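Numbers here simply count residues along the sequence, with the first being 1. Remember, it's 1-based here, ligands and their atoms both numbered in the order they're listed. Keep in mind it's a predicted model, so treat the numbers as computed, not measured.
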Amino acid sequence: EDPARVAEFEARIARDEFIEPKDWMPEAYRRTLVRQMSQHAHSEIVGMLPEGNWITRAPSLRRKAVLLAKVQDEGGHGLYIYAAAETLGTSREQMVDALHSGKAKYSTIFNYPTLTWADIGAIGWLVDGAAIMNQVPLQRASYGPYARAMVRICKEESFHQRQGFEIMMGLAAGTAAQKRMAQDALNRWWWPSLMMFGPPDDNSPNSAQSMRWRIKRETNDELRQKFVDVTVPQAEAIGLTIPDPDLTWNEARGAYDFGAIDWDEFYAVVRGEGPTAKERLKARNDAWNEGAWVREAATAHAAKRARKAEA
Ligand code: ACO
């Protein structure tokens, strides 16, 4: 690559300018964006599955309407991010194909089962809470289309987080059985939520370069720590207990110390060995195959309209 162009690119990054689709960019920058953005889009789409599973079983019409809207939002987020990734020269087909064939990564968190209604609360509260923590700094990612997609996504995610917390608040203040259900969901979702932020900084191969390119503005560990610090008081406020005996407030750091994350579990789930990994991929593939007639009909309709417009 031409050193003068590289230098100009680096200078633009240093000035905090957005890089736009038609601007020159190093191939490695393009590749890392396609990697991260496609994984991110896949996560939004696969993330519809564990919650979609509960739409028919939501305990009231209000809860059903809210959950339906929330799951639909996640689908929209996936589409914005796929569209933003397409501006880098990759196609939707390539990305979707990589997901369906099991080659592409998506967030580990969506490979865990949703066993009770309280899991829907825990997902909104913790999983969407973690997603916001990670996505707020991405609004300032150096690639313009990615950063702009994040603005609306973050607004919607904050509703999602609150709907989840509201479910947990209701259950935690309910009968003894409801409170137990909420605590059980927190017990099962807490550690996987901490894993969402990715491997620790000293074991995160992409972080240093992504930070230099200002794609990532904060490291995996920094964001994980922030998430713990805001979430612990929320659990206390509704009388639930974070399942970590080592969790203690560290006065000197002004932050919580927390116990060791099971990184073996994380890497196993990244490798596709998560409890519901096969089920998720099968659901995506089935949806794609069963939706073929819709795509064909839409394509035929568009062609007919184009012919009419010409005539
Ligand atoms: N689940 C699956 N894979 C992960 C996870 C995770 N929770 N965390 C890290 N990885 C993967 C990375 O994708 C990377 O794999 P690759 O090199 O084959 O692409 C590898 O583990 C090493 O990790 P890092 O070097 O730390 O990778 P990176 O710098 O990309 O950081 C992170 C990972 C923080 C997830 C980053 O990609 C990111 O911020 N992505 C955008 C947010 C996102 O994808 N959120 C999805 C869940 S939220 C939601 O959908 C509601």
> Does CZ in Arg305 sit with more than 12 non-hydrogen atoms of other residues, nucleotides or ligands closer than 6.0 Å?
Replying inline: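 No.
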
If you have a sec, work out which protein heavy atom is nearest [atom] and how many Å separate them, to one decimal?
| atom | answer |
| --- | --- |
| atom 9 (C) of ligand 1 | Pro199 CD, 3.6 Å |
| atom 20 (C) of ligand 1 | Asn206 ND2, 4.3 Å |
| atom 45 (N) of ligand 1 | His40 CD2, 3.8 Å |
| atom 7 (N) of ligand 1 | Thr108 OG1, 3.1 Å |
| atom 24 (P) of ligand 1 | Ser204 OG, 3.4 Å |
| atom 47 (C) of ligand 1 | Ser107 CB, 3.7 Å |
| atom 22 (C) of ligand 1 | Pro205 CD, 3.8 Å |

Under 4.0 Å from any heavy atom of [X], which atoms of ligand 1 are there?
| X | value |
| --- | --- |
| Tyr106 | 1 (N), 2 (C) |
| Ala131 | 48 (S), 51 (C) |
| Phe266 | 5 (C), 6 (C), 7 (N), 8 (N), 9 (C) |
| Gly198 | 8 (N), 9 (C) |
| Met195 | 7 (N) |

Got an N/O contact under 3.5 Å between [X] and ligand 1?
| X | value |
| --- | --- |
| Gln135 | no |
| Asn220 | yes |
| Phe197 | no |

> Do His42 and Tyr82 make the cut of ring centroids closer than 6.0 angstrom?
Replying inline: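 Yes, the ring of His42 comes within the 6.0 Å limit of the ring of Tyr82, centre to centre.
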
Electrostatic pair [X]:[Y] at N-O distance under 4.0 angstrom:
| X | Y | value |
| --- | --- | --- |
| Glu310 | Arg307 | no |
| Glu279 | Arg284 | no |
| Lys226 | Glu222 | no |
| Arg5 | Glu1 | no |

Could you check which of [options] puts a non-hydrogen atom nearest to [atom]?
| atom | options | answer |
| --- | --- | --- |
| atom 19 (O) of ligand 1 | Met196, Gln39, Lys105, His77 | Gln39 |
| atom 33 (C) of ligand 1 | Arg224, Gln36, Lys216 | Lys216 |
| atom 39 (O) of ligand 1 | Val46, Leu194, Asn134, Asp201 | Asn134 |

> Backbone, side chain, both or neither: what part of Arg35 comes under 4.0 angstrom of ligand 1, heavy atoms only?
Replying inline: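 Only the side chain of Arg35 comes within reach of ligand 1.
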
> At under 4.0 Å between heavy atoms, which part of Tyr146 makes contact with ligand 1: side chain, backbone, both or neither?
Replying inline: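 Near ligand 1, Tyr146 shows its side chain, while the N, CA, C and O stay back.
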
> Should the pair His160 and His77 be assigned to parallel (<30°), tilted (30 to 60°) or perpendicular (>60°) ring geometry?
Replying inline: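 His160 vs His77 ring planes: parallel.
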
> Relative to each other, are the rings of Phe266 and Trp263 parallel, tilted or perpendicular (30° and 60° limits)?
Replying inline: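 Because their plane-to-plane angle is over 60°, the rings of Phe266 and Trp263 count as perpendicular.
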
> Residues two or more places apart in sequence or in another chain: which of them pass ring-ring contact (aromatic ring centres under 6.0 Å, His included) with Trp249?
Replying inline: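 Testing Trp249 for ring-ring contact (aromatic ring centres under 6.0 Å, His included), a comparison that skips the adjacent residues, returns Tyr256.
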
> Considering all heavy atoms of both residues, which atom of Asn220 and which atom of Ser207 are nearest to each other, and what is their separation?
Replying inline: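 So the two residues come closest at OD1-OG, 3.8 Å.
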
> Can a cation-pi geometry be assigned to Arg295 and Trp288, taking NZ or CZ under 6.0 Å from the six-membered ring centre and within 45° of the ring axis?
Replying inline: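 Geometry flag: set, cation within 6.0 Å and 45°.
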
>> Restricting to side-chain hydrogen bond (donor to acceptor under 3.5 Å, both in side chains), what partner residues turn up for Glu17, sequence neighbours left out?
In response: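 side-chain hydrogen bond (donor to acceptor under 3.5 Å, both in side chains) list for Glu17, sorted by chain: Arg12, Arg15.
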
